[in-house]
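When a ligand or atom number is given, it counts from 1 through the structure's own listing order.
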Amino acid sequence: MIVNHNLYGFKSTEKLPLPFNCEHYIHMKYPESFSSKLPKVQTSIFTVMSKMAADYNAINLSQGFPDFPVSTELIGKVNEYMTKGFNQYAPAAGLPRLREGIAAQTKLCYGAEYNPETEITITAGATEAIFCAITAMIREDDEVIMFTPAYDCYAPTVELCNGEPVYVPLHAPDYKVDWDEVKKLITRRTRMIIINTPHNPTGTVFTAKDAEQLERITKDNDIVIVSDEVYAHIIFDDEQHQSMSRFPHLASRSFVVGSFGKTFHVTGWKVGFCLAPENLTAELRKIHQYVTFAVNHPVQCAIADYIESPDNYLHIAEMYRQKRDFFVDALKGSKFKVTLSKGSYYQLLDYSAITDEPDTQFAERLTKEHGVASIPISVFYNNPVHECMLRFCFAKENETLEKAAEILHKL
Ligand code: PMP
Ligand code: GLN
């Protein structure tokens with residue numbers, strides 16, 4: 001029996017499935033003198049909750065991925081390019097045609113000009129772009145400001161570089177940034193600020209005023225920005241995506257990160273990109289070249305064709321708005337309280353009228369006893385808060401959302 005402890009306070013005693021005749025592998029052990037570079041890091045909450053959902057046959061609204069089909073045109077193109085023989089290494093910086101397509105998309109959406117040759121890099125998902133940007137810039141004792149709840153890959157990457165994460169907590173229900181607080185945290189050691197809009201897990205978005213404040217804070221120093229914009233095309237109602245690329249001063253110091261996984265419902269393909277000024281791009285590419293060297297070639301060819309039609313990405317905001325509204329309407333009359341998500345495909349639900357349990361405990365019980373998996377958001381804080389909030393992914397078929405809402409109504 002393997003007891004599997006994890007960061008999030010769950011203890012799973014399930015026997016892990018092992019391939020036939022492999023039992024002996026788990027008895028191998030490296031010498032005790034070994035010490036982990038990331039002693040606090042354990043299995044990601046997304047893996048933990050998706051496994052729990054599978055083990056208990058629960059509806060999985062935890063890990064963020066769509067359950068509906070991918071465009072047959074896009075799949076057809078991947079097949080076509082594989083068949084035509086685009087199966088060897090792509091250029092390290094990314095397929096030139098795809099980089100040109102991203103430049104055109106950025107110009108169309110935000111009016112910003114990036115040189116595809118020197119300022120755009122294709123990466124293995126947004127995760128690789130974020131890893132390379134942080135690793136390229138952060139040295140020992142550099143401070144990196146990030147807002148919590150924060151997406152899980154930021155802090156460990158900073159720590160790998162011997163940098164120091166500096167956390168700015170955001171609070172329910174609006175999770176607004178207090179820029180005066182941020183200003184107070186700037187020191188001579190501050191090297192980077194990581195932002196994420198639309199925001200995972202809260203579904204909040206930066207306003208033009210937020211961008212203005214960030215501009216003020218970075219006016220007289222050389223702080224760089226990593227702007228995680230993977231949900232750029234999933235923004236609702238009257239909100240506009242405030243990409244850092246829109247603002248010349250901010251763009252001149254930003255790594256702007258995107259993900260085709262989110263935009264084209266293909267999270268498993270792991271293709272993303274990074275926009276940055278030439279000198280920052282050069283440093284990012286030095287790392288990229290040794291992390292992956294190059295990204296999946298036929299998939300890049302297919303996406304290059306597909307983003308030529310803006311309709312293929314501009315319609316997704318409306319599609320997801322309908323899903324958000326469908327899910328929220330289906331919850332009307334339940335005990336969950338809702339502040340509408342403004343962007344991303346996540347909706348937070350406040351369960352304080354049901355129980356005062358910590359969110360990790362309630363999420364576990366909701367999965368095991370009621371059959372709906374979600375994400376407890378306290379795990380994305382450095383000092384976990386007790387705000388009775390769970391994150392639900394609504395990138396699902398309406399039928400899935402309806403079934404989940406039916407269960408949630410009974411609580
Ligand atoms: N940033 C945020 C905020 C995310 O939600 C995700 C999740 N997919 C990523 C980065 C990573 O994106 P990718 O799968 O393209 O690596
Ligand atoms: N971004 C996805 C989410 O927030 C998960 C990605 C992952 O599993 N690493 O749910």
A.B. asks: Quick one: table the atom pairs, ligand 1 N or O against protein N or O, below 3.5 Å, distance rounded to 0.1 Å.
C.D. replies:
from: ligand 1; atom 1: 1 (N); to: Asp228; atom 2: OD1; distance (Å): 3.3
from: ligand 1; atom 1: 1 (N); to: Asp228; atom 2: OD2; distance (Å): 2.5
from: ligand 1; atom 1: 5 (O); to: Asn200; atom 2: ND2; distance (Å): 2.8
from: ligand 1; atom 1: 5 (O); to: Tyr231; atom 2: OH; distance (Å): 2.6
from: ligand 1; atom 1: 8 (N); to: Lys262; atom 2: NZ; distance (Å): 2.4
from: ligand 1; atom 1: 14 (O); to: Lys270; atom 2: NZ; distance (Å): 3.1
from: ligand 1; atom 1: 15 (O); to: Ala126; atom 2: N; distance (Å): 2.8
from: ligand 1; atom 1: 15 (O); to: Ser259; atom 2: OG; distance (Å): 2.7
from: ligand 1; atom 1: 16 (O); to: Ala126; atom 2: N; distance (Å): 3.1
from: ligand 1; atom 1: 16 (O); to: Thr127; atom 2: N; distance (Å): 2.9
from: ligand 1; atom 1: 16 (O); to: Thr127; atom 2: OG1; distance (Å): 2.5
from: ligand 1; atom 1: 16 (O); to: Lys270; atom 2: NZ; distance (Å): 2.7

A.B. asks: So which pairs with a foot in residues 134-157 pass ring pair (Phe, Tyr, Trp, His ring centres under 6.0 Å), sequence neighbours left out?
C.D. replies: Phe46-Tyr151, Phe147-Trp179
A.B. asks: Check the orientation of Phe260 and Phe264. Use parallel for under 30°, tilted for 30 to 60°, and perpendicular for over 60°.
C.D. replies: parallel
A.B. asks: Within the 3.5 Å criterion, strictly below it, is a donor on Glu387 or Ser378 matched to an acceptor on the partner's side chain?
C.D. replies: no
A.B. asks: Kindly indicate whether the side chain of His241, heavy atoms from C-beta on, has any atom under 4.5 Å from the side chain of His233.
C.D. replies: no
A.B. asks: What side-chain hydrogen bond (donor to acceptor under 3.5 Å, both in side chains) pairs are there with at least one residue in residues 402-411, not counting sequence neighbours?
C.D. replies: none
A.B. asks: Less than 4.0 Å between a side-chain N and a carboxylate O, is that true for Lys270 and Glu128?
C.D. replies: no
A.B. asks: Look at Lys286 together with Glu283 and state whether they make a salt bridge at an N to O cut-off of under 4.0 Å.
C.D. replies: yes
A.B. asks: Tell me, which residues have any heavy atom less than 4.0 Å from some atom of ligand 2?
C.D. replies: Phe46, Gln63, Gly64, Tyr151, Asn200, Tyr231, Lys262, Tyr346, Arg391
A.B. asks: Contact between Phe247 and Leu214 at the side-chain level, heavy atoms closer than 4.5 Å - yes or no?
C.D. replies: no
A.B. asks: Quick check with a 6.0 Å cut-off and a 45 degree axis cone: is Lys84 positioned over the face of Tyr81's six-membered ring?
C.D. replies: yes
